[in-house]
*Asks:* 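First the structure, then my questions, so here it is.
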Amino acid sequence: MNEMDKTLPGTNKPDQILAIDHITKKFGDFKAVDDISITVNRGEIFGFIGPNGAGKTTTIKMIAGLLKPDAGQISINKRNLAEEPGICKQDTGYIPDRPYLFEKLTGYEFLQFIASLYNLDPEIFSKNTAHYLKLFDLLDWQHHLIESYSHGMRQKLIISSVFMLDPPLIVVDEPMVGLDPKSARIVKELFKNHAARGASIFLSTHSLEIAQELCDRIGIILNGSLRAIGNLDDLQLEAKTEHTDLEDIFLELTGAYELQEIIAALRSG
Ligand code: ADP
Ligand code: MG
């Protein structure tokens with residue numbers, strides 16, 4: 001983590017942790033993700049926002065190396081994911097929307113298993129697991145089988161497993177779904193803290209409020225295509241609107257035609 005907040009030597013460009021370059025993903029003839037390009041810098045929280053079915057999870061699975069793009073490239077920490085998947089995955093912590101956890105492991109055993117995959121230093125493991133298990137009220141549950149955990153507890157366990165690794169890039173799909181308000185607050189603070197220390201978060205959400213509160217930059221995805229990207233000021237300019245609220249900007253950008261439906265979908269989700 002100590003090398004995180006540098007710019008590239010010899011340039012004034014911010015140091016990119018993630019570069020998504022013209023990726024497309026098809027399921028049969030259907031393009032779930034259509035020619036998307038996004039870069040994320042160190043220290044940034046990037047929000048990927050759009051209604052259900054827009055293509056967020058498909059994009060995130062490609063970044064996490066679980067799906068292969070049909071076209072385009074992804075680089076993590078300047079390395080091509082297709083060419084060097086092992087190294088790229090070491091740099092990426094992935095928090096899925098529907099985590100798959102081994103039911104017959106205890107929470108602690110699951111953390112040990114993840115730590116072994118990432119060759120985490122045992123001292124850091126002890127220190128970090130104690131910290132995150134306490135933070136999420138999981139200390140009393142750590143030696144119980146995961147099959148006895150609620151959805152929220154599973155979510156907190158997998159979030160703990162990623163933060164324990166302290167990776168330069170965390171990719172997270174709909175992070176607040178299923179969390180109680182206290183845990184959601186903690187997770188938001190963890191994200192902010194991670195970014196403040198020079199690491200990066202790529203998060204998807206269908207919540208405009210979360211995007212507005214947390215994200216330095218936002219990409220709006222609709223029907224597999226990136227409609228707009230930038231910080232709130234950029235999006236406001238692009239929407240040619242005086243509004244400063246993301247919801248209003250979003251409405252302008254997505255156009256009156258699609259407007260009602262999309263907002264309704266984002267609201268109800
Ligand atoms: P989001 O996460 O934004 O809600 P997804 O990326 O999950 O959207 O899905 C985008 C589109 O791709 C949806 O229309 C979905 O039905 C379709 N899709 C996703 N996964 C598959 C799959 N494995 N096979 C076929 N279609 C899929
Ligand atoms: Mg999704």
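One-based numbering, in listed order, for ligands and for the atoms of each.
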*Asks:* What pairs meet the ring-ring contact (aromatic ring centres under 6.0 Å, His included) rule with one or both residues in residues 47-79, with sequence neighbours excluded?
*Replies:* F48-F202

*Asks:* Between ligand 1 and the protein, find all N/O pairs closer than 3.5 Å and give the distance for each.
*Replies:*
{"residue": "ligand 1", "atom": "2 (O)", "partner": "T57", "partner atom": "N", "Å": "2.8"}
{"residue": "ligand 1", "atom": "2 (O)", "partner": "T57", "partner atom": "OG1", "Å": "2.8"}
{"residue": "ligand 1", "atom": "3 (O)", "partner": "A54", "partner atom": "N", "Å": "3.1"}
{"residue": "ligand 1", "atom": "3 (O)", "partner": "G55", "partner atom": "N", "Å": "3.0"}
{"residue": "ligand 1", "atom": "3 (O)", "partner": "K56", "partner atom": "N", "Å": "2.8"}
{"residue": "ligand 1", "atom": "3 (O)", "partner": "K56", "partner atom": "NZ", "Å": "2.9"}
{"residue": "ligand 1", "atom": "4 (O)", "partner": "G53", "partner atom": "N", "Å": "2.6"}
{"residue": "ligand 1", "atom": "6 (O)", "partner": "T57", "partner atom": "N", "Å": "3.4"}
{"residue": "ligand 1", "atom": "6 (O)", "partner": "T58", "partner atom": "N", "Å": "2.9"}
{"residue": "ligand 1", "atom": "6 (O)", "partner": "T58", "partner atom": "OG1", "Å": "2.6"}
{"residue": "ligand 1", "atom": "8 (O)", "partner": "G55", "partner atom": "N", "Å": "3.2"}

*Asks:* Using the test salt bridge (Lys or Arg N to Asp or Glu O under 4.0 Å), find all partners of R185 that sit at least two apart in sequence or belong to another chain.
*Replies:* E189, E213

*Asks:* So, are D70 and K31 salt-bridged, with charged N and O less than 4.0 Å apart?
*Replies:* no

*Asks:* Side chains of H206 and E174: any donor to acceptor distance under 3.5 Å?
*Replies:* yes

*Asks:* Only one of Y118, Y108, F113 forms a ring-ring contact (aromatic ring centres under 6.0 Å, His included) with F125, so which one is it?
*Replies:* Y108

*Asks:* With a 4.5 Å limit on heavy-atom distance, are the side chains of K182 and D137 in contact?
*Replies:* yes

*Asks:* Is it the case that D173 and S204 place a side-chain donor and acceptor less than 3.5 Å from each other?
*Replies:* yes

*Asks:* Check the Mg ion (ligand 2) and write out every protein N, O or S atom at under 2.8 Å, as residue and atom.
*Replies:* T57 OG1

*Asks:* With a cut-off of 6.0 Å (strictly less than), are more than 12 heavy atoms of other residues, nucleotides or ligands near NZ of K188?
*Replies:* yes

*Asks:* Would you please classify the geometry between the Y149 ring and the W141 ring as parallel, tilted or perpendicular, with 30° and 60° separating the classes?
*Replies:* perpendicular

